[in-house]
Structures are given as structure tokens and as C-alpha cells.
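Along the sequence shown, residues are numbered consecutively beginning with 1. Atoms within each ligand, like the ligands themselves, are counted from 1 in listed order. Only a predicted model underlies this, so the values are computations on that prediction, with no experimental measurement involved. What you see below is based on every heavy atom in this structure, not just the backbone, and it leaves out hydrogens, waters and symmetry mates.
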Amino acid sequence: MKIEDILAQERRARMAAERLLAQKQAELTSANRVLSQHALTLSDEILETRVAVEEIKGENFQVRADLQKANEEIVIAKRRLWDSLETIEDGFAVFDQADKMIAANSAYLEPFDGLSCVAPGIPYTDILHIATDEGIVDIGDMRPLAWRDMMLDRWRAPSCEPVVLRLWDGTHIKLVDRRSRDGDMVSLGLNITETVKYQAELSEARQRAEAANRAKSTFLANMSHEIRTPMNGVVSMAEIMAEGDLDDEQRLYVNTIRQSGEALLTIINDVLDYSKIEAAKLTLQPEPFDLERVILDVVTLLQPAAQDKGIQLILDFDLFMPSKFIGDVVRIRQILTNLIGNAVKFTSEGHVLVRAIGLPLGESDEQKVHITVEDSGIGIPEDMQSHIFGEFNQVDSDRNRKFEGTGLGLAISSQLVELMGGEIWVDSQEGAGSCFGFHITLPVEQTVKLPKLPNIPGTVVLAMEDRLNRAILEKRLEATGLQTELFDPQEPDKKLVRNAYMILVDEQCSAKARSQDGCNLIESLRKQNQTAPIYFLAAPRSTAAKHSQDAADATRVLQMPLIRSTVFEIIDQIDKPPARLPIDKQDAQPEVPLVMPKTGKSGVRKMRILAAEDNKTNQLVFTKLLKELEMELRFANNGIEAVEAFLDFQPDIIFMDISMPEMDGKEATHRIRTLERDQGMDPTRIVALTAHALTGDDREILAHGLDQHLTKPLKKPEILHEILTHCPDEARCPLPGSCP
Ligand code: ADP
């Protein structure tokens, strides 16, 4: 090879090497650039990371500081909690799920003072053991094992009931334990020693107060009873004197004595009643009774007083009410007498309306009986309305001065209603009137039998002036399903009267017109050939008999207030052919016949009457009452003498006082009944004479073998009735011709 070629080759090789070098240089530069770019990024990142690390470092420091602070706070809170738990007087402890004590305050540990084993870590069962073994808890008559079992059962029960423990030193601890959600048991031991002591003192004070109250009531009852006896003497003597020859002035004096005595006896009866209720000596005596009859009796009793004052006393008795309930009729009558009596007393014009409604109680055989007494009297100020139910409370003495009363009636009534499980209330507006009401729930003895309604069309025509009575009658008739129409006598509607099932004519039906009263109206209706039954409604107390002649054209005279059976009876008559019915006798009062039909006894010996009575005044009253009788009368001064006299005097009838010294009337009757049984004798009639005003006593007395019960003051007709109806055949009638 030529040199030039070799040189050229070398030059080419060198140039290629230089090019490669330049290329590598360029690559190196580019790599360096990338590298330096990376280094830049990296240093940026390092910078950022360093900042972040610094931040985290700061945060870490904060967290550590917070943690430390929190720990310090926890320690403080824990200390405070325990300081607080230490300061309270009640015990506090916590047990873990295995019933081991975690912690307890000193109050909890105090009863175990000196026993270092009672400390956190001790199981609950060990505490119970220590409590019994060391005599820390007074477990009464229980055996230690039984007590511990009882306490453990309680501890493990799902709902751990509080228990009161008595410690050896008389401290009372109430343990209240609660299990927490995670199974720990928190136990509180409340020191209730003071409360227990206070309760004991309170109950002792209450017992003392109740005993004092009972003693007061018993004293009042005894006092009233003691006052009754001489008062009976005064009233009876005045009655006997009034029968004698007296001039007008003397009669006035004697009647005043009698009336004042009777008024005083009423007050004493109230006091006696109230103190009996207070002394808790009163028990209810339920028996079947007819509520309508009872209300009617009270209304009839108070009707004269109402009429004397010119006020209407009206009864609205629910037609669907059962005819018989079971209840203490004596007490129900007493409440009614008080409420209706007050309404009449405190009303000078207008009306007193007694309403009775029965509300069935679902399927039960009881009914809620609602009775209200509404009056248009003086009313009661609002602030006095609850006051008047308290004993001896009246509205105000000035206002009440003109009304008699003790302020006991409502107190007695509300106590009786309460005793029957009911409620009593009053609604009143001063000057406008009052409405007293009560409800009691009573078992039904007998439901009412409703009348059959007529098949033919027609109406009941009411010719009644009095709005209130008319509205009540209208409502009652319509409730049975009958239609009623009003008849105005001044504009008679002939068509109306032609379709009548019956016509009810009020006594005062056209008092306004004055030209025509009820009787005239009936007469004119009859003249117009009215054939429907016409009933004349006689106002209360204007006796039905009196009208039997005036209202001769009436089918029947009915006495107001209309009783349910009468309403049903006239409805039942609607489809029947018209018949003249007898005059209504519903107002006839059961009277004690003073003189009997003149048949009589005509035996040879005198009738023998024994009166066991320790009080000399009453003996005198008895003698004087029977002075016109031809008989042998013997007195016994006590029960023992009565039994002796029964044997040697052989009385035909015995009047037996109940409360007598040495042997009372009940015991004497027992002995007499035993003697009669032993000797096969017929029972002698024994009549109890008592000063007990309460009829509740009645049943109690009769249960001792007595046949009848009369209360003092003695009433001549009652005594005579007893004697004359029980005169035996072999004795002469003590009042010739008067024995049955
Ligand atoms: P008393 O009638 O014997 O005073 P009560 O206890 O029966 O005793 O009544 C208490 C008081 O309530 C009465 O004195 C009277 O002031 C008031 N009062 C009771 N009923 C009525 C009534 N219907 N209208 C107005 N005041 C009444």
C-alpha cells in the first residue's frame, strides 16, 4: 500500500475518531444536562422533604406536649373524682367483671375499719363473708349463709334491686348497685340513717295524732250519746205535756221545748255520725234496694218544706235505670237527704231538681249511678266551694245565720261517698244557684222491665203549664220511643187530640188563663167525646184523693212526681180497651196505725210488759206514754234484772234498752233466747230501744236476736203498735177494742 493511501486511511480514521469523540462529547453534555436537571429536582425535593420533616417534627412535638397535658389532666380529673368521692358521705365502689373490687372510697370501707384485707382486689363474696363473720351487718333472724346467698343472688340478678342494710351500730345503708355495659359493677352505699329515723318519728307522730283524733271522735261519739239520753227525756216529756190540758201560752212553751229539743237531737245525730266515721267505726252494709223508691222517699219527706217556701221539688229519674242495686241504702239516703235538704234550705224561689242517671260499665254487672241536685238558690262563691266540704264549714257565718245547720252535712256526705269509692262535687254561681252531684258505682241486682210500645200510630198529648215538669215528662216518654205533642188549652187543636194515645193534664195546666184549670179542661174534653185515657197529674202534696171528685172525668189521677212504674203502666194501657183505673195510691205514706180494727183480744189476765231501762227519766216517760193502757208494767234496771224478770214475770213483750250497766240489752237477749230454747218456750217478742241514731246499728242489734228496733225519743204510736199487735190471746187487750 502506498503511503498516501496509508496517510489517507489514517486521516479518515482520525476524522472518524474525532467525529465519534464529538458525538460522545455531545452525548455527555446532554447527559450532564439531564443529570443537572435531576440534581436540581432532587435538591428541590430534598428541600421540600426537609420542610415537611420540620413540620412533622413540630407537630410531633405538639402531640407529645398535648399528650402530656392530657395525661396531666387525666391525673387531675382522677384525683378530683376521688377527692369528690372521698368527700361524699355515701359509699362508692367499683367491681370488675370477676366481682373483684377495683376501687372504693373511704365511706365504703369505713364499716370494715381496721380490716386491711378489705381493699381493691378483694372479691365481693369475701366482703359478704367478712360482713357476717365480723358481725358488721345486722342480719336479724337470718342464718349467715342464707343472708350471703340472698345478697349474692341479688348481686347477680339482671336487675339488682336496692336493699337496705342495718349495721351493728344502727346505721342504715341503702345499697344501690348497677352493672355497667362492660360488666363492671358500680356500688353505692347511701347512708339513710337520718331518713329512717325521721320516718320512724313521723310515723310515730302520725300514729299519735291518729290515736288522738280517734280519741276525740270517740269522746264526741260518747258525749253525743250521753247527751241524747237526757235530751230524749226532755223531748218525750214535752210531748206528753203537749197532750194534756194547756192554755195557748203553755202550749207554745211546750212546743218550743219540743222543737228545740228535736233540733238539738238532729245536731247531735250529725256529730255522732261524723265522729263515728272519723273514728273509723263505720262500715258499709250493702243490701239490695230500689233507688227510685229511696229518692222518692226523701223527696216526699222534703216536699212539705219546699211547698211552704213556694218552690218546686222535681224528680227526673232515668227510665232505663235498673230497678234494684246493691248498696248501703241507709247511707245513700243520708247523702240524698243532706243534698236535697240543703238545696231546699238555701233556695227561696224557683226549683230544686233531682236527677238520677245510670251509666252501664261495659259488660260488667255494675253501673255508675250519677245523682245531681240542682237548685236556683243563693249559690256559693267560688272560693268557698271546696271549703264547705270540710267539717263545721259554712259559707260565712253572717250569711248562714238565718239558716240552721252545723256545717257537718256535706263533710259527712263526702266521707260517705268516698267510703263508697265515689266522688262528690259542686258547681255553683253565687246568686244563681248550685248543683251538687255525686257518683258511685253499684252492682245491679235487678234490671228494669220496659213497657211494650203500641202498634197503632198516635201521640201522647201533654196539656201541661209547668215547663220543667213538661220537659222532663216529654224527655222520658220520648226516650221510650213515644211521640209527644203539646196541647195549648187556649188554642185547642182538635186533630191533635183525636190522634192521642192518652192525654196528660197538669193540675195547673192553664193557671195563666185562670178561666180553666186542669179539671175544667178534662170536663170539656169529655164533652167533646174524647175517649182516649185522660190522666190528671196532681201536684205533689195536693192529695190524689182530693182530686178524685174534682177530676171525676179523668181516667185516673196520678200523683206527681210520676214514678217509673206508673209511666210504664200507662204506656202498657195504650192498646188496651179504656178502663177506669183506681185513684193512684202511690203517695200513701206507710203509717203506724194508732187504733187497730175493732176485733180484739178478750183473755182474762192483763197483758204483761217488761221494760228494761236504767234511766229513771226514760222509765217515767215510758209510764206516762202508756198511762191509759190496762196492763202490768214492770221495769228492770239492767240486763241481769231483765233476765230475772223474764223468768218470774213471764212478760208478753219486752222493751229492751241496749246500753245498760252491768249487762247490756244484747247480752240479756242472748240469755233469754238461750233459756227459751232450753225450756222449749215460744220466743217472746223483744223490742230494742236505743239512743243510737244510726240505722247501721239497727242490723247489728237485730243480729243479737231482737225482733224490732225503735229509736228514742220514744214515739207513742210505735210503742202502742208493738203492744197492741203482740197481745196474746189469753190476755185482755190493754186498750179495749184496739187489738187485731
Ligand atoms: P249545714 O247545711 O248544716 O250548714 P252542710 O255541711 O250541709 O252544713 O253545708 C255547709 C255549707 O255549705 C252550708 O252552711 C252552706 O253555707 C253551704 N251550702 C250547702 N248546700 C248549699 C246549697 N244548695 N246552696 C247554697 N249553699 C249551700
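The shortest non-hydrogen separation linking G433 to S428 is O-OG, 3.0 Å. The nearest pair of heavy atoms linking L246 to A242 is CD1-CA, 3.9 Å. The minimum heavy-atom distance between L442 and G327, with the atom names listed, is CD2-CA, 4.2 Å.
Listed by atom number, the atoms of ligand 1 under 4.0 Å from I380 heavy atoms are 25 (C), 26 (N), 27 (C). Short contacts between ligand 1 and K345, defined as distances under 4.0 Å to a heavy atom of the residue, involve ligand atoms 1 (P), 2 (O), 3 (O). Proximity to G409 (heavy-atom distance under 4.0 Å) selects the following atoms of ligand 1: 5 (P), 6 (O), 7 (O), 8 (O). Of all the atoms in ligand 1, the ones that sit under 4.0 Å from a non-hydrogen atom of L410 are 5 (P), 6 (O), 7 (O), 9 (O), 10 (C), 12 (O), 19 (C). Proximity to L408 (heavy-atom distance under 4.0 Å) selects the following atoms of ligand 1: 6 (O), 8 (O). Counting the atoms of ligand 1 from 1 in the order shown, those under 4.0 Å from a heavy atom of A343 are 23 (N).
Each ring pair (Phe, Tyr, Trp, His ring centres under 6.0 Å) pair with one or both residues in residues 415-436, not counting sequence neighbours, appears once here: H370-W425, W425-H439.
Side-chain atoms of R258 never come within 3.5 Å of backbone atoms of E239 as a donor-acceptor pair (strictly under, hydrogens ignored).
Residue contacts with ligand 1 do not include G377, since none of its heavy atoms lies under 4.0 Å from the ligand. The closest approach between any non-hydrogen atom of F389 and ligand 1 is not below 4.0 Å.
Contacts between N338 and ligand 1, counted as non-hydrogen atom pairs separated by less than 4.0 Å, involve the side chain only. Of all the heavy atoms of L339, none lies under 4.0 Å from any atom of ligand 1, so neither backbone nor side chain is involved.
Shown are I357, I440, L291, I335; of these, the side-chain contact (heavy atoms from CB on, under 4.5 Å) with I371 is made only by L291.
Not one N or O of A411 is nearer than 3.5 Å to an N or O of ligand 1, by distance alone.
Defined by atom type and a distance below 3.5 Å, a donor-acceptor pair is present between the side-chain atoms of Q312 and D466.
Partners of E204 according to the salt bridge (charged side-chain N to carboxylate O under 4.0 Å, His left out) rule, which considers only residues two or more places apart in sequence or in another chain, are R208.
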